[in-house]
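Below you'll find the structure, written out as structure tokens, and then a few comments.
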Amino acid sequence: MRKLSKKTETFTDSIIRRMTRIAIEHGAVNLSQGFPDFNPPKAILDRLSEVAHTGPHQYAITWGAPNFRAALAKKFEHFTGHAVDPETEIVTVCGSTEAMMTAMMTVTNPGDKVIIFSPFYENYGADTILCGADPIYVPLIPPDFHFDPDVLEAAFKQNPAALVLCNPSNPAGKVFTEEELKIIADLAVKYDTFVLTDEVYEHIVYKPYRHNYIANIPGMWERTLACNSLSKTYSITGWRLGYVTSSPEVIDVARKVHDFLTVGAAAPLMEAVIPGLEFPDSYYEELLATYTGKKELFLNGLDRLGIAHTDPHAAYYVMLDISEYGYEDDVEFCYKLAEHVGVAAVPGSSFFKEPVNHLVRLHFAKTDETLYDALDKLENIKKMHDVKNSPWRL
Ligand code: GLN
């Protein structure tokens, strides 16, 4: 057989999504791939059942149904304070996964460089490679995951086409401060670099932290491709609805890329989610209150079990320190954890460029019952020592 694509030899399938398959295989509580096990808001579901009968069921306009784009633009302006023209400044796509790929293909050429902060959501590395570009990793240093501005500038000096900014960040739970965003923006302007944001957790930022949109910094709208999705905000990760916003010049190209990648997001789902986009502020306050409660429940539970962990300021991920359980390989640890303890986690090494093997990521976007069940099971995490290279002895 002829050789297959060389590019694909440099990365594996997504470990996050592989862990979901492993969770299913072992019947483990799945706290790996971040998605809720509770229903989307009723108003969206009610509209979905109407739309099942009324349609639309055929292709929408490639860049998104006009009424969906109009509703998105309204919500966008409400939260960012920046008016966006739904006719020229938005392209709607299949989830933030496509948003990021579209954005990356819009601004890069083969051989270009792309700055990625590490730890990072694993798609960014694969997206960069699939574009024929080369990632430059800049560390976010724990425990607060700050970056060294000199190290960042050294990366900018390599003439990157783009920087990827996951803010609020997955998996670190970091919210970039206004000062940090200003440093990034100044460097992006100085070195004429695009910024591709992933802001899917914009509404899950714990008090007193606040989300700031880098595109709002003067001079940044034209060079920011803001990628986002409706998955986390409305608990509809399976609907695959995402979007990119930027200047008309950039969106014009992004629309071409999207047009040939996927043609369009699902027409009935764009229609059904519109009531969600029109929710009042109280919806977002309740969403945050719900996740604040889940964060407290889960992190207090981990504390009671004596498991060391990060304290996220945003999103719904927490990293556990597994160094005391005797494993050098966090992937092996996660496989065994799913099989023997009954909880699925994501190996931390899949997020880091650096050789980090002592962390695993769990998420708490689950019902309280599921979280209690996971905590009950995690009581056995200390017995992971016994599992290593030996028959299971719990
Ligand atoms: N963002 C989610 C996570 O980090 C997964 C999203 C996906 O698999 N597309 O777990």
Side-chain angles (χ1 to χ4, degrees), residues 33-80 82-103 199-204 226-246 248 251-252 254-288 290-291 365-367:
Q33 187 181 15
F35 62 89
D37 64 349
F38 43 86
N39 266 342
K42 185 172 176 304
I44 296 179
L45 296 183
D46 289 347
R47 183 70 188 123
L48 178 64
S49 50
E50 281 170 16
V51 169
H53 297 283
T54 61
H57 292 297
Q58 311 308 328
Y59 301 125
I61 287 176
T62 306
W63 7 105
N67 56 343
F68 176 61
R69 267 184 288 130
L72 260 183
K74 241 177 143 170
K75 176 189 172 259
F76 185 92
E77 181 174 358
H78 180 70
F79 284 103
T80 65
H82 185 112
V84 62
D85 182 351
E87 289 311 316
T88 57
E89 295 180 306
I90 301 183
V91 54
T92 68
V93 297
C94 302
S96 59
T97 301
E98 191 204 333
M100 191 50 80
M101 193 71 210
T102 294
E199 295 176 89
V200 303
Y201 303 101
E202 65 179 324
H203 295 296
I204 308 176
C227 300
N228 213 323
S229 101
L230 281 65
S231 291
K232 316 292 189 205
T233 304
Y234 304 105
S235 308
I236 47 170
T237 61
W239 289 30
R240 315 309 299 126
L241 295 177
Y243 56 101
V244 186
T245 48
S246 190
I251 290 300
D252 200 36
R255 285 180 170 187
K256 278 199 286 186
V257 174
H258 159 72
D259 197 359
F260 288 102
L261 271 180
T262 60
V263 178
L269 301 183
M270 284 193 269
E271 181 68 34
V273 83
I274 290 175
L277 293 168
E278 293 168 346
F279 281 156
D281 285 349
S282 56
Y283 171 77
Y284 302 93
E285 284 153 19
E286 280 160 30
L287 180 82
L288 179 59
T290 299
Y291 277 115
K366 292 286 184 249
T367 61

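From a predicted model like this one, the values you see are computed outputs, not experimental measurements. Position 1 is the first residue of the sequence, and the numbers go up from there.
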Using a 4.5 Å cut-off on heavy atoms from C-beta on, say whether the side chain of [Y] contacts that of [X].
| X | Y | result |
| --- | --- | --- |
| F68 | T92 | yes |
| I44 | W239 | yes |
| R240 | S231 | yes |
| D252 | T88 | no |
| L48 | P268 | no |
| K75 | Y284 | yes |
| L72 | L277 | yes |

Which heavy-atom pair separates [X] from [Y] by the least distance, and what is that distance?
| X | Y | answer |
| --- | --- | --- |
| T237 | G34 | CG2-O, 4.3 Å |
| G264 | C94 | O-SG, 3.6 Å |
| E89 | A83 | OE1-O, 4.1 Å |
| I90 | V84 | CG1-CG2, 3.8 Å |
| I251 | T245 | CD1-C, 3.9 Å |
| R255 | E87 | NH1-O, 3.1 Å |

task = Keeping the roles fixed (side chain from K366, backbone from F35), state whether a donor-acceptor pair exists under 3.5 Å.
result =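 Confirmed, K366 side chain pairs with F35 backbone.
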query = When the ring planes of Y283 and Y234 are compared, do they come out parallel, tilted or perpendicular, using 30° and 60° as the limits?
reply =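 The arrangement is parallel - the two ring planes meet at less than 30°.
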request  = Look at the aromatic rings of F79 and H203 and report parallel, tilted or perpendicular, splitting at 30° and 60°.
outcome  =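 Plane angle over 60°, so perpendicular.
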message = Checking side-chain contact (heavy atoms from CB on, under 4.5 Å) between T102 and each of D259, L261, T97, which is the one that passes?
response =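 That would be L261; it is the only one of D259, L261, T97 passing the side-chain contact (heavy atoms from CB on, under 4.5 Å) with T102.
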In Å, rounded to the nearest 0.5 Å, how long is the span from [atom1] of [X] to [atom2] of [Y]?
| X | Y | atom1 | atom2 | result |
| --- | --- | --- | --- | --- |
| C227 | M101 | SG | CE | 11.5 Å |
| E77 | D85 | CD | CG | 11.0 Å |
| N228 | S96 | CG | OG | 7.5 Å |
| M270 | Y243 | CE | OH | 14.0 Å |

task = Sorted by first residue and then second, give each side-chain hydrogen bond (donor to acceptor under 3.5 Å, both in side chains) pair with at least one member in residues 48-62; sequence neighbours left out.
result =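 Residue pairs with at least one partner in residues 48-62: R47-E50.
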ask   = With sequence neighbours left out, which residue pairs that include part of residues 63-72 fulfil the side-chain hydrogen bond (donor to acceptor under 3.5 Å, both in side chains) condition?
value =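 Of all non-adjacent pairs touching residues 63-72, those that pass side-chain hydrogen bond (donor to acceptor under 3.5 Å, both in side chains) are N67-E271.
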query = Within a radius of less than 6.0 Å around NZ of K256, do more than 12 heavy atoms belonging to other residues, nucleotides or ligands occur?
reply =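 Incorrect, the count does not exceed 12.
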request  = Apply salt bridge (charged side-chain N to carboxylate O under 4.0 Å, His left out) to E199 and list each qualifying residue two or more places apart in sequence or on a separate chain.
outcome  =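 With neighbours one apart ignored, the set is empty.
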